[in-house]
Amino acid sequence: SRSPESCYARPSRSQIGIDDLTFVPSSNSTSNVTIKFTAYGTTSSSSTRNTSKSGTVVIKYSGTSSSTAKDITYSTTGTKGVNLSASDFTSRYKDVIGSSASTLTIRFTSVPSSGTLTYEPSSGRDVTLTSSNIKNYDFSSSSSGTYRISNVVYTPNSNTNITSDKVKYDCYTGNTLRFSGTIVFSSTATSTVVNNVTISYSTTGSSIAFNAADFYNKNSAMLSASYLTFGTPSSGTLYAGSAVATTGTKYSYVANNTYQHIGNLSYRPAANFNGTATISFTAYNSNGTQAATGTVNILVATQTVTPTTPTTPATPSAPSNTNKTFSDVPNTASTSWYYNEVTTLAAAGIVAGRNDGKFYPKDNVNYGEALKLILLAAGYPQQTELSGAVWANNYLNLAITNGILSGSASDYTLSKAIDRDHVGEMAAKALKLTPVTGGTSPYADTNNGYILALTNAGIVQGDSSSGTTRWRGSDTLTRAEVSKIVYNVYKYRNVSPGSTAASTPTIDTNKPGWLN
C-alpha cells in the first residue's frame, strides 16, 4: 500500500473504497496493531462546510484461526446466583495459547440480556455491571487484590427457563489481548421439594456421629442443598460437639464461618431405650428455599450388660511393706499430713508413684487417675492398663458399665484435671450410696445429693475457714487431697455402715478441713 492513502466510504470507479481494505498480520505476530486515520467530510449532510476528525483503528490479536476459545458455561436454578470461576478462564487460556499464565485480565465486552452481572467485593457495596460502566472494570484471575473475577456473580431475572443468556469477554495478559470468548448461562425453574428422604443409623446404645456424606450423596436435591436444620429427637439427645444441639441451627457439608459442620452432630440414646429414634430435618438451597425434607432414623438395640459386683477389700491396716514409701512423702505430720493415707493405699496396691518413684502430691489429679483410685478403693477389680493418654480406658468403661459415669467413653478426656464435684459423685456412686434429697444442706454452695450422701458417710466435710461452710465443687484437687478421699472410701468399705469408725473419721488438723 502507499502512505498516505485516500479511501472513500462511497468510492467512484477510480477510487479505493474502505470496504476494499484488508489487514494481513505477519506470520509471527502476537501483538495488537493500531492504525491512525483522519476522516474528512462536511459538518452535516445539508452543509457544505468542511471538517475533519482523527482516530485510531485497533486490530486485536486473538491467536491462530484454528485456536478458538470454547464457551464457558454455567447453570443456575431459579433465581440462584452463580459465581464466576478464575479457573475457567485460565483453562481456556491454556486451551488457546498452549501454555499457562500466572494472572489473566478479563474485560467484559457485553452484558447479559436476561440476567444481571454483579461485582460483589469482600468489603464495600455491590456493583451492578451495565453497558455504561462495564468498560471501567478490568477483572483479575488472581485470588488477591481488587476486582477479582471470582467475585463476579450472574443472577437470572426470574424462575423461567433461560437457555441462551450470553456475555462476551476479552482475555489479556498484561496489555496484550490473547483471545476473546463467550460465557453462556442457562437457568432452569426452581426444582420441586423432595420429601421423605431417609438417613439410617444403628447403635447398640453408645453415641453415634453423623456423617455429612450420608446426607450429601442421598439424591440430587440433597447434593445441591447449602445447609440443613434438624428437629428434636423422639428419644435421646442430639449433640453439636459437647453441647445439646438447638433447633433451627444451620449445618452444612463443610465447615465455614456461616454454618456448623454436620460432622459435629452426634446422637446419644436415652438410658435403657430400645427401638427407633427419629429426628426430622429440612435441607435448604442457598437462597433459603426448601430443597428436601426427611428423617434420620436411628435403630437403638441396647445390649444387656451385667454390672460388676464390687468385692469387699481386705481390712485396711498400716503398711506391711515398709518399702512402699515415696521420697517426696516424708513421715512428717506438719508437711505430709497425707503420709498415712498414701502409704496405706500404696501397700494395698491402690496408689502408685510415677516411674521415678515419686508420688508428686502437689500435682493435680486427672480423670484417669481418679477413676482408678476410686474404683479400686470401692472394691472393683483391677483392670488391664493401656498405654499413652488412654491408659485408663478400661477403668472408664468399667465405670460406665456400672452406672458410675453416664454417656460413652468418647465423652471423657482422661488427661483432664477433675474437680471436687465429679470426684465426690464418682465416689458416692461407686459405694452405691443413695443420694440425699430434701432437708437442709450443710453447704452454702451446693445441695448435690451425692455430695450430701458422701458427707453423711463421713468421707468428706466442708471448708469452714471463711466462717461459712462450703463444698467448693468446681475446684480441682491435688494427688495428696484425693488420696484422703480414696482412703476414706477404702475404709468405709471395711467398716459396717452406721458404726463410729464409718461416720466419724479421725480429724487431722494439719490437712484441709473439707477432707476430714
Side-chain angles (χ1 to χ4, degrees), residues 22-36 55-76 80-113 115-156 164-187 254 256-257:
T22 301
F23 171 78
V24 180
S26 60
S27 59
N28 60 352
S29 176
T30 60
S31 301
N32 295 343
V33 173
T34 58
I35 305 172
K36 294 182 179 180
T56 303
V57 175
V58 178
I59 301 174
K60 299 178 180 179
Y61 172 78
S62 58
T64 63
S65 59
S66 60
S67 301
T68 303
K70 296 180 180 178
D71 291 347
I72 296 174
T73 60
Y74 294 98
S75 298
T76 64
K80 180 180 179 181
V82 58
N83 282 75
L84 305 193
S85 172
S87 62
D88 291 332
F89 294 91
T90 55
S91 296
R92 293 299 181 270
Y93 180 91
K94 189 171 184 179
D95 291 342
V96 174
I97 306 302
S99 61
S100 299
S102 58
T103 303
L104 302 177
T105 299
I106 296 95
R107 297 175 183 169
F108 295 108
T109 58
S110 69
V111 293
S113 59
T116 304
L117 274 184
T118 306
Y119 171 61
E120 300 179 352
S122 55
S123 61
R125 285 186 167 186
D126 295 350
V127 177
T128 299
L129 302 178
T130 65
S131 56
S132 60
N133 69 8
I134 193 74
K135 295 179 182 179
N136 298 333
Y137 295 92
D138 286 353
F139 294 97
S140 173
S141 63
S142 174
S143 59
S144 60
T146 56
Y147 302 130
R148 284 172 274 179
I149 192 67
S150 58
N151 285 344
V152 176
V153 177
Y154 170 81
T155 306
S164 60
D165 206 1
K166 297 180 180 180
V167 173
K168 293 188 178 295
Y169 68 93
D170 290 335
C171 183
Y172 293 79
T173 54
N175 293 321
T176 302
L177 176 67
R178 293 304 187 181
F179 64 88
S180 299
T182 302
I183 307 171
V184 178
F185 301 98
S186 62
S187 178
V254 294
N256 53 49
N257 294 331

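By convention here, the first residue in the shown sequence is residue 1.
The side-chain tip of R178 does not point at the ring of Y93 from less than 6.0 angstrom away and within 45° of straight on.
Between atom CG of residue D138 and atom CG of residue N175 there is a gap of 9.0 Å, rounded to the nearest 0.5 Å. For the atom pair OH of Y172 and OG1 of T105, the computed distance is 9.5 Å after rounding to the nearest 0.5 Å. A distance of 4.0 Å separates CZ of F89 from CD1 of I72, quoted to the nearest 0.5 Å. Separation of atoms CG (L117) and OG1 (T130) is listed at 10.5 Å; rounding is to 0.5 Å.
Closest approach of Y154 and P112 over heavy atoms only: CE1-CB, 3.8 Å. Closest approach of S141 to I106, counting heavy atoms only: N-CD1, 4.3 Å. When all heavy atoms of I134 and S131 are compared, the pair lying nearest together is CG2-O, 3.9 Å. When every heavy atom of A69 is checked against every heavy atom of S180, the shortest pair comes out as CB-O, 3.7 Å. Pairing each heavy atom of Y169 with each of T109, the nearest pair is N-OG1, 3.8 Å. R148 approaches S143 most closely through the heavy-atom pair NH1-O, 3.0 Å.
The backbone N or O of S150 lies less than 3.5 Å from a partner atom in the side chain of N83, making a donor-acceptor pair. Counting only distance, with no hydrogens or angles, the side chain of D95 and the backbone of K70 share no donor-acceptor pair below 3.5 Å. A side-chain donor-acceptor contact under 3.5 Å links N133 to the backbone of T128. Side-chain atoms of R107 do not come within 3.5 Å of backbone N or O of K135 as any donor-acceptor pair. Panel note: side chain Y137, backbone F108; no donor-acceptor pair is recorded below 3.5 Å. Between the T103 side chain and the S142 main chain, no donor and acceptor come within less than 3.5 Å of each other.
Between T173 and L104, some side-chain heavy-atom pair lies under the 4.5 Å cut-off.
For Y119 and F139, the ring centers are positioned less than 6.0 Å apart.
Pairs of residues two or more places apart, or lying in two chains, never qualify as salt bridge (charged side-chain N to carboxylate O under 4.0 Å, His left out) while including a residue from residues 116-127.
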*Please test T182 against K168 for side-chain hydrogen bond (donor to acceptor under 3.5 Å, both in side chains), starting from the C-alpha separation and ending with a verdict.*
CA-CA 4 Å; T182 302; K168 293 188 178 295; 3.2 Å; yes

_Does D88 form a side-chain hydrogen bond (donor to acceptor under 3.5 Å, both in side chains) with Y74? I'd like the steps, not just the answer._
CA-CA 10 Å; D88 291 332; Y74 294 98; 2.5 Å; yes

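In summary, the side chains of S85 and S87 do present a donor paired with an acceptor at a separation below 3.5 Å, with no hydrogens or angles considered.
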